[in-house]
Amino acid sequence: MKSSFDGWGSGMLGVIIFSGSLPATRVAVADFSPLFLTSARAVIAALLGLVLLAALRQARPARDDLLSLAIVSLGVVVGFPLLTALALQHITSAHSIVFIGLLPLATALFGVLRGGERPKPLFWLFSGIGSATVAGFALANGGKASLSGDLLMIGAVLLCGLGYAEGATLSRRLGGWQVISWALLLSLPVMAVIALATLPATWQGIAGPSWLGLAYVSVFSMLVGFVFWYRGLALGGIAGVGQLQLLQPFLGLLLAAGLLGEHVSPLMLFSTLAVVACVAGARRFAR
């Protein structure tokens, strides 16, 4: 029971951190190319991960773990950041909520395929209702549509769900922060080359918010958030804790209201309560 509770608590902290990822990416791509942003955030996070691994003298992963680490790298280090950065050049952050709302389903599906989990039938009902609620809320709030942006977001969600499930399974053996740190290091040589090849032609004119966006996605979205997220998935279950992602779009809007003074509509409050109920129901039937 305590393990499950700790897992849901860690997962919630991860979701809170991830809530700022898409807005920060949206700000950063105003001055940085998607390729540079993706590679630079990975390089910065990998160097921080290297310091952690060296300082705490962590043993190297076994050879059998390299394929799983490569899948994590493909999903959450390269695939999701790159595809979302490309997509956010065509669609708004609000429109992307439609697809982030589908991420818990993708995570649960890959949890079944890669993690061997078997949620109860009612879990899928609550998960589907929660995803539909998030998608409906996003569509009701509008957003500029783009076929290419939508396809990129679909690809991003699938790769992210795969990376989450694979990383959670591996975290049971290696630990949460160790998994993301080793996955970042595995991708470091390639990402460093890409970062150098896509450096901005000039650093002048790059606005402060873009630097802050790069800093946030590098330190928090790419490393700190995963420390809590993978621990939560490993302790509380991939399918169950993964449903906390349904709250991510609404947490992002709440942060915008608190920090930027944006209006919180009655529809948002109603949708949030519905999603909380779905998360509670999914948690009950996750195992």
Side-chain angles (χ1 to χ4, degrees), residues 8 10-26 71-72 74-88 91-115 117 119 123-124 126-139 143 149-169 180 217 220-222 225-226 228-230 232-233 236-253 271-272 274-276 278-279 282-283 286:
W8 281 77
S10 293
M12 191 67 216
L13 286 174
V15 167
I16 291 172
I17 292 170
F18 291 151
S19 296
S21 297
L22 286 177
T25 299
R26 176 73 170 172
I71 292 174
V72 174
L74 174 64
V76 302
V77 177
V78 181
F80 185 79
L82 176 60
L83 294 183
T84 53
L86 290 169
L88 287 168
I91 61 175
T92 64
S93 294
H95 189 74
S96 69
I97 290 175
V98 176
F99 304 94
I100 298 302
L102 300 176
L103 188 51
L105 270 179
T107 304
L109 287 172
F110 283 112
V112 170
L113 295 174
R114 300 293 300 177
E117 296 193 351
F123 165 85
W124 299 107
F126 281 110
S127 180
I129 293 174
S131 296
T133 300
V134 174
F137 172 80
L139 290 172
D150 289 353
L151 291 175
L152 286 167
M153 283 303 302
I154 291 173
V157 165
L158 290 174
L159 285 175
C160 192
L162 173 61
Y164 280 171
E166 194 71 29
T169 302
I180 189 60
V217 297
F220 293 98
S221 302
M222 200 76 265
F226 279 103
F228 295 105
W229 183 240
Y230 277 149
L233 292 175
I238 298 169
V241 174
Q243 298 311 295
L244 287 171
Q245 295 167 105
L246 289 170
L247 298 173
Q248 185 171 325
F250 302 103
L251 288 171
L253 290 173
S271 300
T272 302
V275 167
V276 169
C278 289
V279 170
R283 181 182 185 276

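The figures here come from the full heavy-atom set of this structure, side chains too, leaving out hydrogens, waters and symmetry mates. Computed from a prediction, not measured in an experiment: that's the story for all the values here.
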How close do [X] and [Y] get, heavy atom to heavy atom, and via which atoms?
{"X": "I17", "Y": "S221", "result": "CG2-N, 4.4 Å"}
{"X": "L103", "Y": "G161", "result": "CD1-N, 3.7 Å"}
{"X": "A156", "Y": "T84", "result": "CB-CG2, 3.8 Å"}
{"X": "V217", "Y": "A24", "result": "CG1-CB, 3.8 Å"}
{"X": "V157", "Y": "F80", "result": "N-CD1, 4.5 Å"}
{"X": "M222", "Y": "I180", "result": "O-CG1, 3.6 Å"}

Open item on the list: I'd like to know whether W229 forms a side chain to side chain contact (heavy atoms under 4.5 Å, CB included) with V241, so could you lay out the CA-CA distance, the side-chain angles of the two residues, the decisive distance to 0.1 Å, and finally the verdict.
Closed with: CA-CA 9 Å; W229 183 240; V241 174; 4.1 Å; yes
Q. Roughly how far, to the nearest 0.5 Å, is CH2 of W8 from CG of L233?
A.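 Rounded to the nearest 0.5 Å, the CG-CH2 separation comes out at 10.0 Å.
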- [ ] Measure the CG-CG distance between L86 and L151 for me, rounded to the nearest 0.5 Å.
- [x]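 With rounding to 0.5 Å, CG (L86) is 12.5 Å from CG (L151).
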* Are any of the side-chain heavy atoms of V72 and F226 separated by less than 4.5 Å? ->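 Heavy-atom side-chain distance check fails, nothing below 4.5 Å.
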field: Step-by-step side chain to side chain contact (heavy atoms under 4.5 Å, CB included) determination, V76 to E166
entry: CA-CA 10 Å; V76 302; E166 194 71 29; over 6 Å; no
Parallel, tilted or perpendicular: which fits the ring planes of F18 and Y164, with parallel below 30° and perpendicular above 60°?
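Ring orientation, 0 to 90° scale: parallel.
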message = Test side chain to side chain contact (heavy atoms under 4.5 Å, CB included) on I71 and F110; report intermediate values, then the result.
response = CA-CA 12 Å; I71 292 174; F110 283 112; over 6 Å; no
Partners passing side chain to side chain contact (heavy atoms under 4.5 Å, CB included) against L159 (at least two apart in sequence or in another chain):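 So L159 forms a side chain to side chain contact (heavy atoms under 4.5 Å, CB included) with L74, L83.
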